[in-house]
Amino acid sequence: MTAASPPAGSGAPQRFPVVVVGAGPAGLTVGNILRAAGVDCLVLETETREFIERRPRAGVIEEWAVRGLERRGLARNLLERAQAHTECEFRFGGERHRFGYTGLTGRHHFIYPQQFLVTDLVREYADVRGGEIRFGVRDVRLHGPQSDRPSVSYRCPETGERRTVEASFVAGCDGARGVSRAALPSGRVRVARHDYGVGWLALLAEAPPSADCVVFGVHPRGFAGHMARSPEVTRYYLQCPPGDDPANWPHERVWTELGQRLGAVGAPPPEEGRLIEKRVLDMHGYVVEPMALGRLFLAGDAAHLTAPIAAKGLNLALHDAFLLGDGLVEHLARGDDTGLSGYSAACLARVWDYQEFSQWLAELYHGTTSGDPHRAGVALARLRRLFDSPVAAAAFAELYVGARTTG
Ligand code: RFL
């Protein structure tokens, strides 16, 4: 099902059934679902292909999300190369506390760096399924998203000319810093925000993982996290003041703090390596409601940001993309509007579940260093309960692997 469209550069606006703004996990998954159903679409991306294929971010993907990719023919490399994790470890009071979530839920996590997934998705979309994608576009603007004929314009990277593409639907998948969200009229949407009041120094080290699972250090000096990414690269986090300057964290200080905050009896010290990424993330989240108006549908970080506290953002982006891709195909191929009309509510149920879990977990990580003895006592009670109440452990495990609702 392809729409006749004049070639780019001919002067006349091109027309596509769907224009997808942003080639992250959300946009590329939507594009792949559309192409698999023979629906023509155009993906617009401000960065180059080389850049998005190398941009490191997430790494923990929930099993339902992987199965969703697999069902859509998008998980072949992931299933061959990803590690499966079944446990995590909390370190507090100088001791290690192992938490086996797969034993409680039957589900596990896949560890697969986000840039590998993006590489797979671009290749499948552009090189295998024949999808059209324009990289390096500038100054992207959405026009008339609530009209029957929305369009997207951009400046061509080669000529600097402004080009306009008409669409039946626009998928706004351009992440937290994109332009799609702002195209929703402010009087018709609500943006609910939450500021955690802490910063995390996000680090990537050229070093193998120092443990066989994700490790959370809840320490009087602040939270620290260890997350495997690949045999050569490991992600670490260190709680820091919001707005802190990464320059305040030279190599020596980083590894000393990681050693202290992740230290526990019998735990090997973190294996040091060159720090190839060092940035401060001010922990915050937001949710846009509704996620769609007229013919503009937001998906992923464009619609909701979940601070990486519980490693949920990429998973939510995939959940949205599955629902949006399937809903668009149902509408365009069969005239069935059920998926599109229920899209926002179906996404938001999982979004709010994950926002709640992130807040709950943030308090567990940061309460002890809040300076408030009441919050500190509550945080430790919450932590201990995971290991002495099977019911509390089961509830945590279900949310940690995202098993409460299905994708
Ligand atoms: P993305 O990945 O940001 O992709 C959006 C794309 O849109 C492009 N773009 C535009 N394109 C056209 N026009 C414009 N005006 C545009 N503006 C931007 C961008 O260049 C980009 O290519 O959004 P998407 O697809 O919604 O995916 C969301 C995820 O990337 C994000 O939620 C996760 O990375 C969050 N996250 C994690 N999520 C997990 O589920 N598990 C994790 O382990 C995890 N770890 C993390 C994370 C995020 C992190 N950072 C950097 C905030 C670790 C970190 C450090």
Side-chain angles (χ1 to χ4, degrees), residues 19-31 42-62 64-66 85 88 109-115 117-118 121-122 133-142 152-155 157 165 170-183 199-204 214 225 227-229 235-237 277-286 288 291 298-321 324 347 350-351 354 357-358 400-402:
V19 172
V20 178
V21 185
L28 290 167
T29 302
V30 170
L42 170 69
V43 176
L44 295 173
E45 165 62 49
T46 45
E47 303 291 351
T48 63
R49 181 167 180 168
E50 294 68 33
F51 182 86
I52 64 164
E53 289 183 346
R54 291 206 177 94
R55 179 171 48 197
R57 280 189 178 170
V60 180
I61 314 183
E62 295 172 2
W64 61 264
V66 172
H85 277 198
C88 59
H109 281 141
F110 287 83
I111 306 299
Y112 194 60
Q114 180 167 327
Q115 68 273 27
L117 178 65
V118 166
L121 292 172
V122 177
I133 183 161
R134 287 178 206 155
F135 290 103
V137 297
R138 297 272 158 261
D139 189 17
V140 176
R141 295 182 197 167
L142 275 60
V152 182
S153 69
Y154 62 93
R155 254 182 220 298
V165 187
V170 178
C173 306
D174 48 352
R177 296 197 174 84
V179 295
S180 300
R181 190 167 59 252
W200 277 18
L201 182 69
L203 303 153
L204 276 177
V214 168
M227 276 142 219
R229 284 294 188 258
R235 188 172 276 295
Y236 287 97
Y237 294 112
E277 184 186 280
K278 195 164 60 169
R279 47 199 289 222
V280 171
L281 307 174
D282 289 345
M283 291 289 128
H284 68 287
Y286 59 75
V288 177
M291 285 170 51
L298 300 185
D301 281 7
H304 40 74
L305 191 75
T306 313
I309 289 167
K312 295 296 191 189
L314 168 61
N315 293 285
L316 285 175
L318 292 174
H319 185 245
D320 295 350
L324 182 54
C347 294
R350 191 181 281 266
V351 168
Y354 283 16
F357 182 59
S358 296
Y400 188 56
V401 298

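Note that ligands are numbered from 1 as they come in the structure, with each ligand's atoms numbered from 1 the same way.
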Scanning both residues in full, the closest heavy-atom pair of Met291 with Asp320 reads CE-OD2, 3.5 Å

Ligand 1 atoms nearer than 4.0 angstrom to some heavy atom of Ala311 are 39 (C), 40 (O), 41 (N), 42 (C), 43 (O)

Under 4.0 Å between heavy atoms, the region of Leu44 that gets near ligand 1 turns out to be backbone

Among Arg138, Glu47, Glu45, Glu277, closest by heavy atom to atom 19 (C) of ligand 1 is Glu45

Note: ligand 1 atoms sitting under 4.0 Å from heavy atoms of Gly175 are 3 (O), 5 (C), 23 (O)

Atom 54 (C) of ligand 1: closest protein heavy atom, distance to 0.1 Å, is Tyr237 OH, 3.7 Å

Q) Applying a strict 4.0 Å limit to heavy atoms, is Arg235 in contact with ligand 1? A) yes

The atoms of ligand 1 lying under 4.0 Å from a heavy atom of Val21, numbered in the order shown, are 12 (C), 13 (N)

Tell me if the aromatic rings of Tyr400 and His109 count as close, with their centers under 6.0 Å from one another.
yes

Next on the checklist: Tell me whether ligand 1 is touched by Met227 - counting only heavy atoms on the residue side and a distance under 4.0 Å.
Outcome noted: no

For Arg279, the atoms of ligand 1 under 4.0 Å from one of its heavy atoms are 51 (C)

### Task
Answer yes or no: is there an ion pair linking Glu50 with Arg54, defined by an N-O contact shorter than 4.0 Å?
no

Counting heavy atoms under 4.0 Å, the part of Ala317 that contacts ligand 1 is side chain

among protein heavy atoms, the one nearest atom 50 (N) of ligand 1 is Leu281 CD1, 4.2 Å

Within 4.0 Å of some non-hydrogen atom of Gly300, the atoms of ligand 1 are 26 (O)

Between Arg57 and Gln115, the two heavy atoms sitting closest are N-OE1, 4.2 Å

Here the atoms of ligand 1 under 4.0 Å from any heavy atom belonging to Gly59 are 42 (C), 43 (O)

Which of Val152, Leu44, Val20 passes side-chain contact (heavy atoms from CB on, under 4.5 Å) with Val170? It is Val152

One finds that the ligand 1 atoms under 4.0 Å from a non-hydrogen atom of Cys173 are 5 (C), 6 (C), 7 (O)

Counting from 1 in the order shown, the ligand 1 atoms closer than 4.0 Å to a non-hydrogen atom of Asp301 are 26 (O), 28 (C), 29 (C), 31 (C), 32 (O)

Atom 44 (C) of ligand 1 sits nearest the protein heavy atom Ala58 CB, 3.0 Å

Closest to atom 9 (N) of ligand 1 among protein heavy atoms sits Thr46 OG1, 3.5 Å

heavy-atom search around atom 34 (O) of ligand 1 in the protein gives Gln114 OE1, 2.8 Å

- Mind telling me whether Tyr237 and Trp200 have parallel, tilted or perpendicular rings, with 30° and 60° as the class edges? tilted

In short, Pro308 meets Leu281 closest at the heavy-atom pair CG-CD1, 3.8 Å

Note: Phe51, heavy atoms under 4.0 Å from ligand 1, region reported as neither

All heavy atoms of Ala171 vs all of Leu324, minimum pair found to be CB-CD2, 3.9 Å

